[in-house]
Amino acid sequence: MILFEIKKILSRTGSKIGLLVLLTTLAVTCYFAVTYTTYVDREGDEHIGIEAVNTLRKEKEKWAGVITEDYLKAVIRENNEINAIYPYDPNDPVTSDMGYSLSQGFGQNIST
């Protein structure tokens, strides 16, 4: 019965075009989501692509869990330590990227 309904829907040219547009949009969205994800390693080198996605996921797993007061204190303490060692300096992007690389595992989790 389901196959009959699918055949009925796909028998129309408009439905085929709509499905093609939908699949193309999905493919483009997935491409941009993977290729524009960046990860900065401890040396300040930027990585993009699937490697960056996997590495960033591993970094975020260290900080996964419920946000409690102790969790928030640990994140703030570690962030302050990182900022003390690698202060942000617009004239020295390599040092700034080194500091960012240490905080990117938890930096984006706080807002979610």
Side-chain angles (χ1 to χ4, degrees):
M1 191 65 155
I2 293 175
L3 292 175
F4 174 72
E5 294 297 329
I6 292 173
K7 183 178 177 183
K8 201 163 71 171
I9 290 171
L10 293 178
S11 66
R12 303 161 110 193
T13 305
S15 297
K16 290 177 186 175
I17 292 171
L19 184 62
L20 184 64
V21 168
L22 179 69
L23 292 175
T24 303
T25 304
L26 180 65
V28 169
T29 303
C30 290
Y31 171 77
F32 285 125
V34 171
T35 57
Y36 288 103
T37 300
T38 60
Y39 174 76
V40 180
D41 64 12
R42 296 187 191 278
E43 288 79 34
D45 298 326
E46 189 174 289
H47 303 276
I48 59 173
I50 294 175
E51 176 190 356
V53 172
N54 291 334
T55 309
L56 193 55
R57 184 178 296 134
K58 288 177 188 173
E59 285 292 321
K60 287 184 176 186
E61 283 176 2
K62 297 176 188 175
W63 294 95
V66 178
I67 298 178
T68 62
E69 187 174 340
D70 294 333
Y71 172 84
L72 201 53
K73 286 180 183 178
V75 169
I76 292 171
R77 182 176 49 251
E78 183 161 335
N79 192 44
N80 288 337
E81 290 171 3
I82 292 168
N83 289 336
I85 297 169
Y86 300 103
Y88 175 74
D89 184 7
N91 298 324
D92 186 13
V94 174
T95 304
S96 297
D97 284 347
M98 288 174 159
Y100 172 72
S101 74
L102 297 173
S103 66
Q104 64 188 336
F106 60 81
Q108 297 166 345
N109 286 347
I110 294 175
S111 63
T112 58

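- Annotation: side chain to side chain donor-acceptor pair (under 3.5 Å) contacts of E69 (sequence neighbours excluded): K73.
- For Y36, the side-chain contact (heavy atoms from CB on, under 4.5 Å) criterion is met by F32, not counting sequence neighbours.
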Donor-acceptor list for residues 44-51 side chains, cut-off 3.5 Å, not counting sequence neighbours:
from: H47; atom 1: NE2; to: D41; atom 2: OD2; distance (Å): 3.0

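- Listed here is the closest heavy atom pair of V53 and V34: CG2-O, 4.3 Å.
- For the atom pair E5 CD and L10 CG, the distance stands at 11.5 Å (nearest 0.5 Å).
- Considering only residues two or more places apart in sequence or on other chains, K7 meets the salt bridge (Lys or Arg N to Asp or Glu O under 4.0 Å) condition with none of them.
- Summarising the geometry, atom CG belonging to N83 is positioned 11.5 Å from atom CD1 belonging to I76; distances are rounded to the nearest 0.5 Å.
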List the atom pairs, donor and acceptor, that lie under 3.5 Å between side-chain atoms in residues 11-25 and the rest of the protein, sequence neighbours left out.
from: S11; atom 1: OG; to: K8; atom 2: O; distance (Å): 2.7
from: S15; atom 1: OG; to: I9; atom 2: O; distance (Å): 3.1
from: T24; atom 1: OG1; to: L20; atom 2: O; distance (Å): 2.8
from: T25; atom 1: OG1; to: V21; atom 2: O; distance (Å): 2.8

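- The line from CG of L72 to CZ of R77 is 11.0 Å long, rounded to the nearest 0.5 Å.
- The OH atom of Y39 sits 10.0 Å away from atom NZ of K58, with the distance rounded to the nearest 0.5 Å.
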